[in-house]
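Start at 1 and go down the list; that is how both ligands and their atoms are numbered. Note that the structure is predicted; figures quoted are calculated from it, not measured.
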Amino acid sequence: MGGLQGKRGLEGCTQSRRPCGTGGAMLRVLCLALCGLLTHTRAEPGALLRLGMDIMNHEVQSAMNESHILEKMAAEAGKKRPGAKPIKGITDMKVKDVKLPVITLSFTPGVGIFQCVSTGMTITGKSFIGKNMEITVVFNITATNRILQNEETGLPTFKSEGCEIILVSVKTNLPSKMMPNVINKFLDSTLHKVLPGLMCPAIDAVLVYVNRKWANLNAPMPIGKMGTVKYILTSGPTTTASYIQVDFSPVVQHQKGNAIQLAGAGEAPKVPEDYVEGSSQLLLSAALLTAELALLQKSFDLNIQNRRVGKPAPQTTETLAGFIPGVAEAYPKPKPLVTHIRINKPPKVTMKTGESLLHLHGTLEMFAARSRRKAPVSLFLLEAHLQLKVQYSVHENRLQMTTSLDRLLSLSRQSSSIGAFSEKQLTGFITDFLRKAYIPAVNDVLQVGLPLPDFLDMNYSLAELDLVENALVMDLKLG
Ligand SMILES: *[C@@H]1O[C@H](CO)[C@@H](O)[C@H](O)[C@H]1NC(C)=O
Ligand SMILES: *[C@@H]1O[C@H](CO)[C@@H](O)[C@H](O)[C@H]1NC(C)=O
Ligand SMILES: *[C@@H]1O[C@H](CO)[C@@H](O)[C@H](O)[C@H]1NC(C)=O
């Protein structure tokens, strides 16, 4: 523990006095200048996380609970410590109870979180004149929890610095005239010397619990059986007056190992500034979702056989003949239709305010089925560009996408065994066919869900989703 000066502070649990003083301020100015330059040159984040005070408060509170800090403080305080000077004039000292700590946090720009824990304890003992006495001390423990990127694990880590104890009050049950000023002062200074050693490690213990909850953040998470995504930090987290920001350069990888490059969208997507002060957001770029869907490209290929498309009759060459007269000539007896859809470019996700689209490029080939032993005959092959509308939701901490066909943006004939025909005549038929037979299959594939960063036991189920330019923003809510 560094800097354990026992000053009697009157400044309260505020950040008015910082251990770094003016030197720190200079550094901060320098950092602002340099970090500003760096943000322009570094790769745009594929995802970013803004942790507001709501989440930080909740995390520190629950870490306090989980770490049983109260019990630890009492146990530490009650311990007989070799080498510690006994308090002159008091014997048989015991810690009777420890006051429930009240924690106040605030952000220190460029550094991390300033933490103040208000607590106290009652100490019993025998006074120098043999009387039972009680001393109740109330004090504040302050420390700066610097947020860093752990060099070994690459994870965000809080590290406490400059722990100080500020005495708020000392009360005893002895009449004041029996507690001469000298003893009072002596008590003060002794407590100041003893308390930091007792209390500061307890504060550090809380951070251990918070830090543990980052452990899974950069682990690979499966996207179906096709590959994984890892949320790797772009650089160390940064702190502003209202949040801690963690930028990610996610790594999307095929099961076989090759990574998919995230396409740059030019300007880095931004979190809108109109979220409530203190709230927390996760931003996922369209580029990241596009890379993740690239893993699923092959899964969007589909063979549709004898499916009842367009109730009540199954589709046959007769259905097609209504649009292309050549079909009736070639197939006087109706044959069932078989359709092969092949997606031949990586799917692409686009986003703008309030709207997200999924673009699929591929071919659609229709066949006339023949008897079981014979291969179906290709009727025609069309190049198609499908534009799907995407709706997002969260299920079991995964981002779910559900699509609906918005438009068939283009349809062009590549080959035909039934003579020339105009694609326009088929647009309505194909659109209807895709809606009924293909889009449900696309939605089945998308059910795998896209993994969200696993940190601080975040439960995403209450998050509110917003679409902005080139990104999806999740406004995180605590349960
Ligand atoms: C101790 O902390 C409390 C709560 O944060 C604050 O109101 C009070 O002013 C602080 N007292 C001192 C002496 O620092
Ligand atoms: C911590 O414990 C207190 C008291 O038992 C409880 O009221 C509070 O909800 C807990 N906080 C968290 C975040 O678990
Ligand atoms: C997340 O929160 C929802 C709603 O509050 C709850 O139903 C669900 O069980 C939670 N999930 C986890 C993993 O705790």
N-O pairing of [X] and [Y] below 4.0 Å:
{"X": "Lys477", "Y": "Asp475", "value": "yes"}
{"X": "Arg50", "Y": "Glu273", "value": "yes"}
{"X": "Lys298", "Y": "Asp301", "value": "yes"}

Backbone of Ile232 reached by a side-chain donor or acceptor of Ser249 within 3.5 Å: no

Residue shell around ligand 3, heavy atom under 4.0 angstrom: Asn459, Ser461

For ligand 1, which atoms, with element, lie under 4.0 Å from some heavy atom of [X]?
{"X": "Ser118", "result": "1 (C), 2 (O), 3 (C), 4 (C), 5 (O)"}
{"X": "Val168", "result": "11 (N), 12 (C), 13 (C)"}
{"X": "Thr104", "result": "5 (O)"}

Atom NZ of Lys348 with >12 non-hydrogen neighbours under 6.0 angstrom: no

Heavy-atom check, side chain of Leu148 versus side chain of Pro156, under 4.5 Å: no

Side-chain heavy-atom pair Leu357, Leu388 within 4.5 angstrom cut-off: no

